[in-house]
Number of protein chains: 2
Amino acid sequence: MATTATGGARTPLSRARVLDEAIGYADTHGLDALSMRTLAELLDVVPMALYKHVRSKEALIDGMVETVLATLPAADLAGVGPESWRAVARSRILAARSALQRHPWMWRALETRAAPTPAMLDHMEAMIQILRRGGLGPVLTHHAMHALGGRIWGFTPEVASSGPAPADPAEIAAAMAAMRERWPGVLESAMSARHEAGSAVGPGCDDDAEFAFALDLLLEGVESRHFAGWPSPARATSH
Amino acid sequence: MATTATGGARTPLSRARVLDEAIGYADTHGLDALSMRTLAELLDVVPMALYKHVRSKEALIDGMVETVLATLPAADLAGVGPESWRAVARSRILAARSALQRHPWMWRALETRAAPTPAMLDHMEAMIQILRRGGLGPVLTHHAMHALGGRIWGFTPEVASSGPAPADPAEIAAAMAAMRERWPGVLESAMSARHEAGSAVGPGCDDDAEFAFALDLLLEGVESRHFAGWPSPARATSH
DNA sequence: GACACGAGGTGTACGGTGTACACCTTCGAG
DNA sequence: CTCGAAGGTGTACACCGTACACCTCGTGTC
């Protein structure tokens, strides 16, 4: 393709353009479908051209992660204190969650990063500051960060989340029968979440509510440890 | 390679042998390094021979997961009741953790499975039964399973877990300096975990203790919800 | 004992991947 | 006007998963 002779002088490549295009494609087609070749084609460019703006595919994904993370609102640590830290932590985590929810590939990308990127460290730093300003000591803060774990990022990896439904009525009936006899608890548990009238067997489970449930469990537990003067006195061991 | 002429009649391939070899290789070299070609070479066989025992690479990994999960001790639900469910749940999760710890590739394999395999469902079923026999209602059980999330499997995906240490003193000094000024909380939090005298900058963080900490937070929270008659009365919302 | 059959191992080939390397074009600074 | 570098191109390589046709046995049947 001639560059200028065809009439449309395309906008020159740039790191930002590469990253944005990659993010948009991953949003709609998934991270697996994103290859250097398809990305290059999207940008009307030859695959190797990408390498002038991105060191490797791994670095490309790092860049995508950084770009998305950069959209997180900066933490406002001004008035954070013993009374408010829990609410501030909660809302920040929920904000991160809603930001990441728009990019389904993020959870996997975050998990497979070998080293934390600066933006990841920024977010962790903000969380730690919230805890520390709430009055938690460094040790409890450390444990709390571990406990919150993936929740810091606004997601919990759900085992068996998606996957295309069978759709064949006979097939789902058979699956249900198998469930009923071999995994009745799983079946009951899955069913128990359908508060509203839903379709046949759809999950009908409010992910956001589940997330908040676990999040509150953790935050309350951390707070009660804190109130109990953790860890200086006898540490409360389970049963 | 002649089959019998060379003298050593190799043991014939079998699904179990394929799976075992794959597991052993993944244990030492990681899941990424495991390709059908290298696995075939390990078994002194041509790549396509594997497909007589395994439908696809995806199915191979499913089989590996099933094989490892099959080593989990069967749940003993006999005496589980309101007094003991929490301890039983705790010990089962910790048992699963120690089993999976010997196969570092498992956490990633579990997460990337599209649908839950039978052995996964077995384990979930056992967990659900423990909760139900403890007296928890189906709804609270459901939420608890979500809350426990990845912990059910005995691991928590740690952001920034491993990665080869820089080893160059100058480099780590520079990293430390950058940390101190930009991510002081992260630095403090990382440092706070080194209870014993450790090497220069090693993590020195007791993963098992962290895991148990979060686990207890969740279990205690679930129990307190249960005691409070959850969810029938006014649900305790944070703040 | 002859023979067919099917399970299991082989060889070749195809379309995909990431990316190293040499090349060419273009444009702005001196 | 020149020159050097930044950025886009083309070719090539090694590797991946796996479809398909083939061959080679051990075994059950007549």
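Predicted model, so just to flag it, every value in this text is computed and none were measured. Chain A is the first sequence line, chain B the second, and so forth, proteins listed ahead of strands; every chain is numbered from 1.
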Just to be sure I understand the geometry, which residues of residues 22-33 of chain B put a non-hydrogen atom under 4.0 Å away from DNA chain D?
none

Salt bridge (Lys or Arg N to Asp or Glu O under 4.0 Å) filter on B/Glu58, not counting sequence neighbours, yields B/Arg113

I'd like to check [X] versus [Y] (side-chain heavy atoms, cut-off strictly below 4.5 Å). Are they in contact?
X: B/Val68; Y: B/Met64; value: no
X: A/Leu69; Y: A/Leu100; value: yes
X: A/Leu94; Y: A/Leu215; value: yes
X: A/Thr117; Y: A/Met120; value: yes

Does the distance from a Lys or Arg side-chain N to an Asp or Glu carboxylate O, for A/Arg108 and A/Asp32, drop under 4.0 Å?
yes

Name the orientation class of the two ring planes belonging to A/His146 and A/His142 (parallel below 30°, tilted from 30 to 60°, perpendicular beyond 60°).
tilted

Rounded to whole Å, how long is the line connecting atom [atom1] of [X] with atom [atom2] of [N]?
X: B/Glu41; N: C/dT10; atom1: CD; atom2: P; value: 13 Å
X: B/Asp44; N: C/dG8; atom1: CG; atom2: P; value: 18 Å
X: B/Leu60; N: D/dC16; atom1: CG; atom2: P; value: 14 Å

Is the CD atom of A/Gln101 crowded by more than 12 outside heavy atoms at less than 6.0 Å?
yes

Every protein N/O lying under 3.5 Å from an N/O of nucleotides 18-22 of chain C:
{"unit_1": "C/dG18", "atom_1": "OP1", "unit_2": "A/Met36", "atom_2": "N", "d": "3.4"}
{"unit_1": "C/dG18", "atom_1": "OP1", "unit_2": "A/Lys57", "atom_2": "NZ", "d": "3.0"}
{"unit_1": "C/dG18", "atom_1": "OP2", "unit_2": "A/Met36", "atom_2": "N", "d": "3.0"}
{"unit_1": "C/dG18", "atom_1": "N7", "unit_2": "A/Arg37", "atom_2": "NH1", "d": "2.6"}
{"unit_1": "C/dG18", "atom_1": "O6", "unit_2": "A/Arg37", "atom_2": "NH2", "d": "3.3"}
{"unit_1": "C/dT19", "atom_1": "OP2", "unit_2": "A/Tyr51", "atom_2": "OH", "d": "2.7"}
{"unit_1": "C/dT19", "atom_1": "OP2", "unit_2": "A/Lys57", "atom_2": "N", "d": "2.9"}
{"unit_1": "C/dT19", "atom_1": "O5'", "unit_2": "A/Tyr51", "atom_2": "OH", "d": "3.4"}

Report yes if at least one side-chain N or O of A/His53 is closer than 4.0 Å to OP1 or OP2 of D/dG8; otherwise report no.
yes

